[in-house]
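In what follows, a single structure is set out as structure tokens and then discussed.
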Amino acid sequence: MRRLALLVTVLVLAAAASAHARPRVGLALSGGGAKGFAHIGVLQVLEEHHIPVDCIAGTSMGSVVGVLYAMGYPVAEIERLALETDWDDIFLDRVPRRDRGIEQKAMEDRYFVALPLVDGSIGLPRGLVAGQKISRLLARLTLPVHGVTDFDSLPRPFRAVATDIVTGEVVVLRRGYLPEAVRASMAIPSVFTPVEYQGRLLVDGLLGRNFPVQEAMDLGADLVIGVDVGQSLVGREELDDLIAIADQASALASLATSRQQRELADVLISPELDDASAMSFDRTAEIIAAGRAAAEAALPRLRELLPEQTTDAGIPTPVAPESFVLADVVFTGLHHVDPAVLHAAADLGPGATVTVDQLERAVGRIFGTGFFERVTYRIVDTPAGARIEFLIVEKNTDYFRFGMRFDSRDRLAAAFNILARNRLGHGSVVDLDLIIGDRNQILVHYTLRPDRRLPGLGLRLGYVDETNNVYVEQERLTHVDTEALFGEILLGDTFSDRLLVGAGARTEWAKFDPDLRTSDLPRTETDLVSLVALAWFDSQDRTYYPTSGLSFFTRHEYAAVGWNREFDFSRHYFDLKAFMPVAGRVSLLGHAVAGMSFGDAMPDHYRFLLGGVDIPALLLERRMTRVSFLGLHAQQINGRQAQFAQAGLQIEVGRRLFLIVRGNVGIAYEGTRFGLHDRGYLHGYGVTLGLLTPLGPVELTGAYGSNEELMGHLSVGMKF
């Protein structure tokens with residue numbers, strides 16, 4: 001009897017406990033791009049009404065919102081991140097200019113098309129965006145749980161859903177590196193590059209399961225709240241632009257599986273978002289509000305399934321350390337670049353105290369070398385301190401790049417470029433540049449930095465065919481057809497992403513054929529061998545319309561009769577530009593140039609020329625010899641010595657629209673002494689209205705100066 005009574009008591013207590021136990025609640029969050037911010041509004045309502053969430057499954061943007069909530073981020077913080085993040089910038093991988101390698105700064109902003117070369121043919125990229133910035137953002141947001149490799153160990157167990165692009169299978173990510181799993185879940189095909197993850201090539205989960213109700217059930221949920229923001233199909237008349245067609249395509253891909261998953265949800269929440277698209281990042285607040293409204297409408301059904309007294313004990317907010325003591329730095333994913341190059345770029349050593357901001361700047365410097373498709377990081381706690389693992393995805397393709405420009409002086413010109421990395425040695429870069437127009441030129445530039453313990457090697461071979469004006473006493477006399485061929489070798493180093501120094505030798509052949517030949521202007525050919533040294537510091541924030549930073553370039557050349565039949569000279573060039581923000585969108589601009597030469601005999605084309613707007617390179621020397629001068633015609637004055645100073649004001653009057661007011665003074669003269677000259681300095685000033693477009697800047701400049709005539713100049717496109 002006693003045993004029977006004890007058994008009855010146990011059964012009664014178990015029944016009572018079961019009666020009071022609440023069901024395990026799972027949350028399924030669908031993908032939908034910007035429409036996924038509606039999940040935040042739903043979470044707000046769930047928390048306000050004390051409706052618990054025990055586990056979460058998410059696809060694409062649902063995985064982004066879901067993982068933050070699974071970690072314990074307060075909903076208010078998730079909302080702040082959604083509202084304050086510049087999503088237009090996040091979904092672009094353009095490296096800030098200051099983070100680019102110093103060698104890239106002269107070349108990268110000349111092309112508006114870059115396509116991969118595959119087996120010698122021009123192809124298409126695997127995605128428009130590699131996802132560098134979104135990967136870095138996810139790494140920072142998940143920093144407190146970098147050591148978690150089992151997603152069941154999060155405060156709320158979590159699953160991210162992706163698709164194997166090779167097999168088409170649904171892939172449920174439950175282990176591994178958390179931010180990379182989320183990044184794979186949101187790798188929209190053709191927009192983001194696929195992610196190599198645990199032996200699979202993964203893309204956005206929308207192709208396999210955009211609405212992961214089944215995955216929430218598999219987490220042990222007794223009751224699933226499903227939030228579906230996936231696209232609905234629209235009529236033919238609404239398919240009138242690229243975005244609408246892309247939305248329809250993704251809707252078709254996920255519609256069938258989403259219908260099945262909707263039937264599995266115990267509570268289905270479908271925010272009214274028919275007039276929003278996956279790219280409506282400018283409507284974040286409105287989308288969050290739509291999520292709130294839909295969740296409030298679902299409250300009666302929620303209360304039917306969950307009693308009023310249901311509460312959620314809450315989860316502590318994740319806190320990332322402000323700094324950490326560095327124990328070790330490792331790089332994974334390297335095949336062609338020496339780790340020493342990356343160690344130098346990262347500039348992080350064991351024993352140092354490192355902040356997250358410093359770590360992200362190191363990531364930017366590594367990515368800015370140009371060798372990598374993506375660079376992110378993982379911090380692992382060890383007994384000796386923090387180990388930083390830089391996760392590297394190398395660029396394995398060569399590129400074809402293209403740029404075009406028009407201006408009222410040189411008319412139409414096009415630039416073609418082939419960029420190859422690691423083809424002629426690990427850490428090597430080969431740039432083949434071809435410009436066609438009034439100036440025709442070819443440049444092959446090879447750099448090799450296999451090991452930071454040794455100086456880098458730079459080789460250049462170039463050919464140019466162009467026409468130059470000749471002025472006598474500021475009056476155009478004729479023009480000279482110029483052909484030149486040169487080779488140059490430099491040994492040097494980049495001490496940071498801002499400073500380059502080098503020294504070497506140059507050999508050159510040039511031919512000059514004037515239209516009007518005189519005794520003072522004959523047809524000539526020259527051969528020249530010289531020693532070269534240069535230094536370049538550049539911290540400008542932008543190539544076009546910089547607002548802050550400094551650029552200093554100096555180059556020195558020396559030629560002796562012992563190496564040349566007729567030339568014995570030295571030439572020195574100093575170029576300083578400074579930009580300083582003063583108030584709001586207003587910046588001060590300054591530019592100073594000093595050119596000097598000494599010796600008995602120097603080639604005529606080594607004289608310094610002043611005049612014109614946006615003067616191109618002479619004999620491929622972009623930062624040497626020619627100097628723009630507002631108020632003078634192109635190449636109007638020249639001499640063995642030159643001085644130039646300019647000051648101005650730049651105002652960003654609208655989005656990407658700039659107004660620049662500048663004034664300059666300068667002189668070019670003969671003689672072997674450099675200093676203030678008793679001849680009157682020429683002057684000029686001008687106003688430029690510029691618009692920055694995807695094809696490059698569009699500028700209209702009006703100038704007036706010592707010529708006492710009003711001059712105009714129009715340029716459209718990249719400057720080269």
[X] side chain to [Y] main-chain N or O, any donor-acceptor pair under 3.5 Å?
X: R542; Y: Y545; answer: yes
X: S587; Y: F579; answer: no
X: E394; Y: H335; answer: yes
X: S277; Y: M279; answer: yes

side-chain contact (heavy atoms from CB on, under 4.5 Å) assessment of S63 paired with F158
CA-CA 9 Å; S63 71; F158 170 75; 4.1 Å; yes
Distance-minimising heavy-atom pair for [X] and [Y]:
X: G31; Y: V229; value: O-CG2, 3.6 Å
X: L141; Y: Y73; value: O-OH, 2.7 Å
X: S551; Y: Q540; value: CB-OE1, 3.2 Å
X: G36; Y: V65; value: O-CG2, 4.1 Å
X: F324; Y: A386; value: CD1-CB, 3.7 Å
X: G504; Y: L490; value: N-CD2, 3.5 Å

Any side-chain heavy atom of [X] sitting closer than 4.5 Å to one from [Y]?
X: H343; Y: V329; answer: yes
X: L154; Y: V145; answer: yes
X: I134; Y: W87; answer: yes
X: I225; Y: L46; answer: yes
X: V337; Y: F371; answer: yes
X: R365; Y: D347; answer: yes
X: F553; Y: F537; answer: no
X: Y399; Y: L117; answer: no

Just wondering, more than 12 heavy atoms not from R80 lying within 6.0 Å of its CZ?
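For R80, atom CZ is crowded (more than 12 foreign heavy atoms under 6.0 Å).
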Can you measure from [atom1] ([X]) to [atom2] ([Y]) and round to the nearest 0.5 angstrom?
X: T332; Y: R378; atom1: OG1; atom2: CZ; answer: 9.5 Å
X: E373; Y: F367; atom1: CD; atom2: CZ; answer: 8.5 Å
X: K395; Y: R421; atom1: NZ; atom2: CZ; answer: 4.5 Å
X: I90; Y: Q132; atom1: CD1; atom2: CD; answer: 10.5 Å
X: L137; Y: T85; atom1: CG; atom2: OG1; answer: 6.0 Å
X: F402; Y: M718; atom1: CZ; atom2: CE; answer: 11.0 Å

Under 3.5 Å, is there a donor on one side chain and an acceptor on the other for Y69 and E77?
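No, because no side-chain N or O of Y69 sits under 3.5 Å from a partner of the opposite role on E77.
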With a 4.0 Å cut-off on N to O distance, would you call [X] and [Y] a salt bridge?
X: R423; Y: D398; value: yes
X: E180; Y: R374; value: yes
X: D357; Y: R140; value: yes
X: D328; Y: R387; value: no
X: D218; Y: R159; value: no
X: D89; Y: K133; value: yes
X: R460; Y: D431; value: no
X: R200; Y: E169; value: yes
X: D150; Y: R175; value: yes

Give the intermediate values and the outcome of salt bridge (Lys or Arg N to Asp or Glu O under 4.0 Å) for residues R110 and D433.
CA-CA 11 Å; R110 300 174 59 183; D433 217 36; 3.0 Å; yes
Steps toward side-chain contact (heavy atoms from CB on, under 4.5 Å) verdict (V161, V170)
CA-CA 7 Å; V161 179; V170 176; 3.8 Å; yes
Quick one: ring-ring contact (aromatic ring centres under 6.0 Å, His included) partners of [X], sequence neighbours excluded?
X: H445; answer: none
X: Y177; answer: H146
X: F390; answer: F331

Report the C-alpha separation of N210 and T59 in whole Å, then their side-chain angles, then the decisive distance to 0.1 Å, and conclude whether the side chain to side chain donor-acceptor pair (under 3.5 Å) test is met.
CA-CA 6 Å; N210 195 50; T59 298; 5.3 Å; no
Full working for side chain to side chain donor-acceptor pair (under 3.5 Å) between D541 and T547
CA-CA 7 Å; D541 60 342; T547 60; 2.6 Å; yes
If you apply the rule side-chain contact (heavy atoms from CB on, under 4.5 Å), what do you find for V363 with T376, and how did you get there?
CA-CA 7 Å; V363 169; T376 186; 6.0 Å; no
Pair L448, L424 - check side-chain contact (heavy atoms from CB on, under 4.5 Å), show working.
CA-CA 8 Å; L448 176 65; L424 299 177; over 6 Å; no
